[in-house]
Amino acid sequence: MTAVNCSPEQKHITEMLVKERERRRGWLKDCIERAVANGELPDSTNISMLIVLFDTFLQGISTQAWDAVPYENIDKAITQLMQTWDLYIDFSSI
């Protein structure tokens, strides 16, 4: 969901995509905060870091899909990333 090569006349498209990405980050924030509140993630969770982690992954995976990377490879990448929930390290101290 990017538009890095828009002409000035198409600035409205870039602005729309920025808003959509902000909305997606808001959904991620809500989900991660809910996981902390439910005890699925520790209170020490660096929420802003996880938002960036997952948002960056989602942005990249859409490019992978666009480039016809095999589904099996994408599925393995998703599985690996989601292990973050189970193996969470407090990155706030790094």
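In this text the structure is predicted, and so the values were computed from the model without any measurement.
- Note: the hydrophobic cluster containing Leu58 also contains Met49 (ILVMFWY, side chain heavy atoms under 4.5 Å, direct or indirect links).
- Partners of Asn73 under the side-chain contact (heavy atoms from CB on, under 4.5 Å) rule, at least two apart in sequence or in another chain, are Val69, Pro70.
- Side-chain contact between Leu50 and Leu41 is present, with heavy atoms from C-beta onward closer than 4.5 Å.
- Judged as a salt bridge (charged side-chain N to carboxylate O under 4.0 Å, His left out), and not counting sequence neighbours, the contacts of Arg25 are Asp55.
- Contact record, Ile51 with Ile32: N-CD1, 3.8 Å, taken as the closest heavy-atom pair.
- Applying the side-chain contact (heavy atoms from CB on, under 4.5 Å) criterion to Ile78, with sequence neighbours excluded, gives Phe57, Ile61, Ile74, Met82.
- Partners of Glu15 according to the side-chain hydrogen bond (donor to acceptor under 3.5 Å, both in side chains) rule, which considers only residues two or more places apart in sequence or in another chain, do not exist here.
- Distance check: His12 NE2 to Leu17 CG gives 10.0 Å after rounding to the nearest 0.5 Å.
- Side-chain contact between Lys19 and Arg24 is absent, with no heavy-atom pair separated by less than 4.5 Å.
- Every residue was checked against the salt bridge (charged side-chain N to carboxylate O under 4.0 Å, His left out) condition with Lys76, not counting sequence neighbours, and none meets it.
- With sequence neighbours left out, Asp43 forms a side-chain contact (heavy atoms from CB on, under 4.5 Å) with Val36.
- Taking each heavy atom of Glu40 and Arg34 in turn, the nearest pair found is OE2-O, 4.4 Å.
- Panel note: side chain Thr45, backbone Pro42; a donor-acceptor pair is recorded below 3.5 Å.
- We find that Arg23 and Glu20 are joined by a salt bridge, their nearest charged nitrogen and carboxylate oxygen being less than 4.0 Å apart.
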